[in-house]
Amino acid sequence: MSLRVERDKDSGVALVTLDRPAVLNAIDLETAAELGAAWREFRHDDAVRAAVVTGAGTRAFCTGVDRSAEVPQPSSPYSLDDPLLGIGPKANDLWKPVIAAVEGMACGGAFYLLGESEFVIASHEATFFDPHTTYGMVSAYESVFMAQRMPAGEVARTALMGTAERLTARRAYEVGLVSELTEPGGAAAAALRAAAVIASLPTDAVQGTVRAVWSATEASRSRALSLAPHLVTLGNLPPGRQAELFEQGRGKGGFRLR
């Protein structure tokens with residue numbers, strides 16, 4: 001199993017942990033399936049009233065899709081299979097509150113999870129970036145998700161600068177991506193405390209409030225996401241060329257923190 005799910009019956013909070021620290025909690029097909037199954041299971045579990053999602057270890061919350069994962073694609077240019085589209089709680093029709101707790105790096109496909117959480121708590125040592133353009137890929141879904149969290153100019157800069165820049169936790173807090181900063185190693189504990197408070201409140205009122213907040217941006221988000229697969233199909237380099245760029249950049253430093 002590459003996902004750990006722990007339930008606290010007393011608090012009503014579930015802790016969901018990406019448990020692949022050796023690969024910086026990158027998501028393979030198995031992990032993607034486990035995430036979707038966990039959110040769907042919570043829909044029917046009245047003992048779970050709130051959840052926290054985090055990554056094992058301190059090096060990374062999540063670094064997106066595991067590049068070793070083989071994702072079969074249909075031959076039609078009008079179809080695109082993205083294994084990360086089903087990893088978030090909202091994609092699985094879960095309207096119980098979810099808080100993301102970030103230690104270390106959160107990049108690329110991590111934004112699918114951050115973008116479908118109610119809010120984000122991060123360690124002072126956390127960093128955020130989107131490597132897509134560096135490797136010849138369109139940042140489509142990631143940018144749409146982050147546009148719900150950050151000013152448009154910050155989303156554009158983060159996406160367009162690729163691996164050249166990383167947002168510090170402080171900057172992420174200043175622009176609204178992160179709601180609370182903690183000492184290193186403290187993000188999950190802080191998220192669990194907040195989740196326990198929320199879980200103690202009347203369930204129907206909490207879930208109705210989650211729906212109300214999401215309804216404010218749901219129409220524009222859905223329209224933007226409908227364009228994403230076409231932009232990816234048009235703008236992505238062929239997989240072989242992407243892999244070359246990835247290998248050329250692997251292990252190189254030189255990024256700027258801001």
Side-chain angles (χ1 to χ4, degrees), residues 18 21 23-27 53-65 67 84 88 99-188 190-191 194 217 221 224 228 231-232 235-237 242 245-258:
L18 297 169
V23 290
L24 301 176
N25 296 317
I27 297 174
V53 61
T54 192
T58 59
R59 294 178 63 202
F61 166 76
C62 175
T63 53
V65 71
R67 289 191 63 86
L84 301 188
I99 303 170
V102 178
E103 299 278 354
M105 292 183 288
C107 65
F111 293 152
Y112 287 64
L113 287 172
L114 300 185
E116 290 201 358
S117 299
E118 268 49 68
F119 54 90
V120 179
I121 294 176
S123 155
H124 282 288
E125 294 183 349
T127 57
F128 304 82
F129 63 102
D130 187 349
H132 279 73
T133 54
T134 297
Y135 304 134
M137 295 181 284
V138 176
S139 174
Y141 294 102
E142 294 79 6
S143 292
V144 171
F145 284 123
M146 287 301 95
Q148 314 302 309
R149 302 283 185 194
M150 299 160 61
E154 291 292 335
V155 176
R157 179 167 180 160
T158 300
L160 292 171
M161 293 294 286
T163 60
E165 282 190 350
R166 296 184 184 183
L167 281 177
T168 62
R170 171 56 60 181
R171 182 58 181 162
Y173 176 78
E174 291 170 349
V175 301
L177 172 60
V178 171
S179 67
E180 179 183 351
L181 296 175
T182 74
E183 292 303 313
T217 57
R221 176 174 171 268
L231 299 174
V232 170
N236 275 17
L237 290 177
Q242 292 178 31
L245 292 173
F246 182 78
E247 288 300 323
Q248 290 170 15
R250 176 177 284 182
K252 291 185 178 179
F255 60 85
R256 174 178 181 267
L257 287 172
R258 69 177 183 94

| With E116 via side-chain hydrogen bond (donor to acceptor under 3.5 Å, both in side chains) - residues at least two apart |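 Partners of E116 under the side-chain hydrogen bond (donor to acceptor under 3.5 Å, both in side chains) test: R221.
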
| said: Which residues pass the side-chain hydrogen bond (donor to acceptor under 3.5 Å, both in side chains) test with Q248, not counting sequence neighbours? | reply: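 Not a single residue meets the side-chain hydrogen bond (donor to acceptor under 3.5 Å, both in side chains) criterion with Q248.
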
| field | Worked verdict on M146 versus E154 for side chain to side chain contact (heavy atoms under 4.5 Å, CB included) | value | CA-CA 9 Å; M146 287 301 95; E154 291 292 335; over 6 Å; no

| Nearest-0.5 Å distance that lies between atom CG in L177 and atom CG in L167 |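 Separation between the atoms: 7.0 Å.
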
| field | Reported CG-to-OG distance for the pair L231 and S143, which is rounded to 0.5 angstrom | value |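 With rounding to 0.5 Å, CG (L231) is 10.0 Å from OG (S143).
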
| request: Indicate yes or no: at least one non-hydrogen side-chain atom of V102 is less than 4.5 angstrom from one of V178. | output: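 A side-chain contact is absent here, since even the closest heavy-atom pair is not under 4.5 Å.
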
| query | Under 4.5 Å between any side-chain heavy atoms of T168 and R258, yes or no? | reply |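 No, their side chains stay 4.5 Å or more apart.
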
To check you understand the geometry: which heavy-atom pair defines the closest contact between [X] and [Y], and what is its length?
X	Y	answer
G109	L84	CA-CD1, 3.6 Å
L237	L245	CD1-CD1, 3.7 Å
A140	V232	CB-CG2, 3.8 Å
T54	A101	OG1-O, 2.8 Å
I99	A194	CD1-CB, 3.9 Å
A106	L114	CB-CD1, 4.2 Å

| request: Kindly write out the residues that satisfy side-chain contact (heavy atoms from CB on, under 4.5 Å) with M161, not counting sequence neighbours, or none if the list is empty. | output: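 M161: side-chain contact (heavy atoms from CB on, under 4.5 Å) contacts with R157, A164, E165.
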
| said: For a side chain to side chain contact (heavy atoms under 4.5 Å, CB included) check, start with the C-alpha distance between L24 and M105, then their side-chain angles and the critical distance, and finish with the verdict. | reply: CA-CA 8 Å; L24 301 176; M105 292 183 288; 3.5 Å; yes

Does the [X] side chain pair with the main chain of [Y], one donor and one acceptor, at a distance under 3.5 Å?
X	Y	value
T134	T163	yes
N236	M137	no
T58	G185	no

| query | Which residue pairs pass the side chain to side chain donor-acceptor pair (under 3.5 Å) test when at least one of the two sits in residues 179-188, sequence neighbours left out? | reply |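 Found none.
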
What side-chain donor-acceptor pairs closer than 3.5 Å can you find for residues 119-131, not counting sequence neighbours?
{"residue": "S123", "atom": "OG", "partner": "E103", "partner atom": "OE1", "Å": "3.3"}
{"residue": "S123", "atom": "OG", "partner": "E125", "partner atom": "N", "Å": "3.0"}
{"residue": "D130", "atom": "OD1", "partner": "H132", "partner atom": "N", "Å": "3.3"}
{"residue": "D130", "atom": "OD1", "partner": "H132", "partner atom": "ND1", "Å": "2.6"}
{"residue": "D130", "atom": "OD2", "partner": "S139", "partner atom": "OG", "Å": "2.5"}

| task | Would you mind listing every ring-ring contact (aromatic ring centres under 6.0 Å, His included) that reaches into residues 144-185, with sequence neighbours excluded? | result |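 The answer is Y112-F145.
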
